There are 2 protein chains.
Amino acid sequence: MKIAKELGYRKNTVAMDLVKQRADEIAVIINATPTNFSNMILSGIQQRANELGQRVIILYAGNRNTDMQHQAITTALERSVSGILLLAIEPDEVDLDLLRESRAPFCFVSLYLGYKQILSISSDNKKLAYQATEYLIRHGHTQIGFAGIDDYHTGSQRVLGYQNAMRDHGLTSNPAWIKKGDYSYESGRRLLSEFLPLDVTAIIAASDMVAVGLLNAAQKKKISVPDQLSIVGIDGTFICEVTTPPLTSVTQDFHEIGVRSVDKVLGKDVKTFVPTKIVERGSVREIN
Amino acid sequence: MKIAKELGYRKNTVAMDLVKQRADEIAVIINATPTNFSNMILSGIQQRANELGQRVIILYAGNRNTDMQHQAITTALERSVSGILLLAIEPDEVDLDLLRESRAPFCFVSLYLGYKQILSISSDNKKLAYQATEYLIRHGHTQIGFAGIDDYHTGSQRVLGYQNAMRDHGLTSNPAWIKKGDYSYESGRRLLSEFLPLDVTAIIAASDMVAVGLLNAAQKKKISVPDQLSIVGIDGTFICEVTTPPLTSVTQDFHEIGVRSVDKVLGKDVKTFVPTKIVERGSVREIN
DNA sequence: GCACTTTGTGTAAACGTTTACAATGCTAAT
DNA sequence: ATTAGCATTGTAAACGTTTACACAAAGTGC
């Protein structure tokens, strides 16, 4: 060891990986759109991977660009990674075929496809939306909007939870109360005016960013939050703390999602769903 | 090629890297503290790396943890990466020795050590602070605070720019007007009260997060921004748009910093400093 | 002191490519 | 028909490890 140090010897990981037929690294495939929570998940992934002696390699898959998604998966397979993590990636059939044919384990992160046999770590979106809706109902709201969700898995799961909660509490939900979007600030800003004629007293935002968009649009129209309109966000990122009023939000444990996804993809038996919780701040009013 | 496809042949990148004595990948060493701009830089890095056929591997270096920094650099050297990018990393002597002894090119990103011979891509912090200070002076401010900077390279460069601007405009700057911190929201919140007895009319925040901290603390104390206190942020992240009032901020082009750092580390001759610009929003008042 | 187990040392093959070079086949010019 | 030049094909070494195995040395129990 002394001589090795003197000679400045440095092990060659590439040669090691070759002979071992497997690289101690985890590939994370990620959308180019940098959501403000993806780095929280990444930090969880990184931390756990570090503990387990795995490196992390990141592959961008563009912006819902199918070609780049295939490319990213292929790149991951060409190095013999010990696992592939797909971060908020909606796979198409080609993606799934590529993954299934490979011998590398893979796990979807922050997205649940609905198949038990495909590894996944995520919040339970149905439960999450149910939670948010029920929270508003308990605070006396009966006309509740839902803003900014998409048409993919996450969005539809949340709609289901919202509808179930309404139904379970004997409320009829107007389909027009559900407004699609893309989880962005801009979505929220744009959608507020569409809610005004509908007389909802509260809106669930598909993300914190949508919530802030709604909030700012409301302030511009001199609609007071929460006095005239209640808003609850989803995600619980730091932005909830810095708005006025601060945003009540269903908080996802992104760090834990990251940590657990590493365990899952490496074969440990961990629960698919990571619990969420409501953090009350100042954007919801109690109605009598 | 047809038969290769039939057989499901997939090239083995690891074997390629071994024989080529060089992996087509760039290692990015990054602090664990996920600043809201690091993913913008990363996205620039990723984009450019993709164009040049380089993969990106991310290595976390903990939180100003020297051991983990050495570890991360060593890990990068053990695979024969084509370049090492150090993202907002303050190196110690050991780090620099490790890097210099290796044959891999390295480049500091969003940090300028002050040595011409060490590759670096960053905003010109001196100029940036000068810009912010001069902007406030042109708006009639003479008592200008500076909040939240650290004692490392970036912080001291900014202080220099601030002091130069004051001096060049014949203003004396009270050393107490400079308050150290760590670029965080919490820093800003805490520091506001320290400024109150000093009668400054404007504060430059070391980051947008500090600016929001100052803003929220001011609102809590019923101090109106910008009427009673002007604030200018640094970074120009999306958070500037969503506060009330929106934050005037010196905007850094993080994406471009990322793009350029890839070019730089791969040997292209690109400029070290990426220009910044003031984006006027609503947090600065004109004083007569 | 013998057989046996344990520990240590040395050797060689393997991992899947690239690359340099030799050998072969072909084309075209003399 | 001969040969130089060129393209194509085949062969073998190399990259730096791990791992399996043979063999020697040392230790153990009877």
Side-chain angles (χ1 to χ4, degrees), chain A residues 1-29 49-59 70-85 97-106 262 265-267, chain B residues 1-29 49-59 68 70-84 97-106 262 265-267:
Chain A
M1 291 304 287
K2 213 187 92 200
I3 294 182
K5 187 154 282 175
E6 271 172 38
L7 262 46
Y9 171 78
R10 189 147 284 151
K11 81 170 171 212
N12 184 325
T13 310
V14 179
M16 254 182 62
D17 288 348
L18 177 62
V19 70
K20 289 219 178 146
Q21 306 257 59
R22 146 193 83 80
D24 282 334
E25 62 187 20
I26 292 176
V28 182
I29 300 178
N50 234 30
E51 289 167 14
L52 301 174
Q54 301 278 329
R55 289 174 305 270
V56 173
I57 119 169
I58 305 233
L59 304 167
H70 306 162
Q71 184 51 52
I73 294 174
T74 306
T75 304
L77 296 178
E78 281 170 358
R79 12 198 47 238
S80 7
V81 295
S82 46
I84 301 177
L85 258 25
D97 281 348
L98 279 170
L99 289 166
R100 272 189 291 240
E101 275 171 29
S102 84
R103 50 166 204 69
F106 57 95
V262 172
V265 82
L266 293 181
Chain B
M1 290 304 286
K2 213 187 92 199
I3 294 182
K5 187 154 283 177
E6 271 173 36
L7 261 48
Y9 171 79
R10 189 147 282 153
K11 80 172 172 210
N12 183 323
T13 311
V14 179
M16 256 181 60
D17 289 348
L18 177 62
V19 70
K20 287 220 178 143
Q21 308 256 58
R22 145 193 82 80
D24 283 335
E25 62 186 19
I26 292 178
V28 182
I29 300 176
N50 234 29
E51 290 168 12
L52 301 175
Q54 301 278 329
R55 288 174 306 270
V56 173
I57 120 169
I58 305 232
L59 304 167
M68 286 184 76
H70 306 162
Q71 184 51 53
I73 294 174
T74 306
T75 304
L77 296 178
E78 281 170 0
R79 9 198 50 238
S80 7
V81 295
S82 45
I84 301 178
D97 281 349
L98 279 170
L99 289 167
R100 273 189 291 239
E101 276 171 28
S102 83
R103 52 166 203 70
F106 56 95
V262 173
V265 83
L266 293 181

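Bear in mind that the values here come from a model prediction, so they are computed numbers and not experimental data. Protein chains get the first letters and strands the later ones, always in sequence-line order, with residue 1 at the start of each.
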query: How about Ile3(A): does its CD1 atom have over 12 heavy atoms from other parts shown lying under 6.0 Å from it?
result: no
Separation of dG16(C) P from Glu78(A) CD (nearest whole Å): 14 Å
query: From Ile26(B) CD1 over to Leu266(B) CG, what is the distance, rounded to the nearest 0.5 angstrom?
result: 4.5 Å
- prompt: Tell me, do Met68(B) and Asn50(A) make a side-chain contact under 4.5 Å, heavy atoms counted?
  reply: yes
- request: Output yes when at least one side-chain N/O atom of Gln21(B) is less than 4.0 Å from OP1 or OP2 of dT18(C), else no.
  value: no
task: Round to the nearest Å and state the distance from Met16(A) atom CE to dT18(D) atom P.
output: 6 Å
message: Heavy atoms only, 4.0 Å cut-off, all strands: where does Arg10(B) land among base, sugar-phosphate and nothing?
response: sugar-phosphate
query: Is a salt bridge present between Arg79(A) and Glu25(B), judged by a nitrogen-to-oxygen distance below 4.0 Å?
result: yes
- request: Grab the CG-P distance between Asn12(B) and dT18(C) for me, whole Å please.
  value: 10 Å
query: So which nucleotide from dT17(D), dG16(C), dT18(C) ends up closest to the side chain of Ala15(B)?
result: dG16(C)
query: Considering only dT17(C), dT18(C), dT17(D), which nucleotide approaches the side chain of Lys20(B) most closely?
result: dT18(C)
query: In whole angstrom, what separates Arg22(B)'s CZ from dG16(D)'s P?
result: 15 Å
- prompt: Nearest-Å distance, OH (Tyr9(B)) to P (dG16(C))?
  reply: 10 Å
task: Take the protein atom CG of Asp24(A) and the nucleotide atom C1' of dT17(D), then report the distance between them rounded to whole Å.
output: 14 Å
message: Using whole Å, what does the distance between atom C1' of nucleotide dC15(D) and atom CZ of Arg79(B) come to?
response: 15 Å
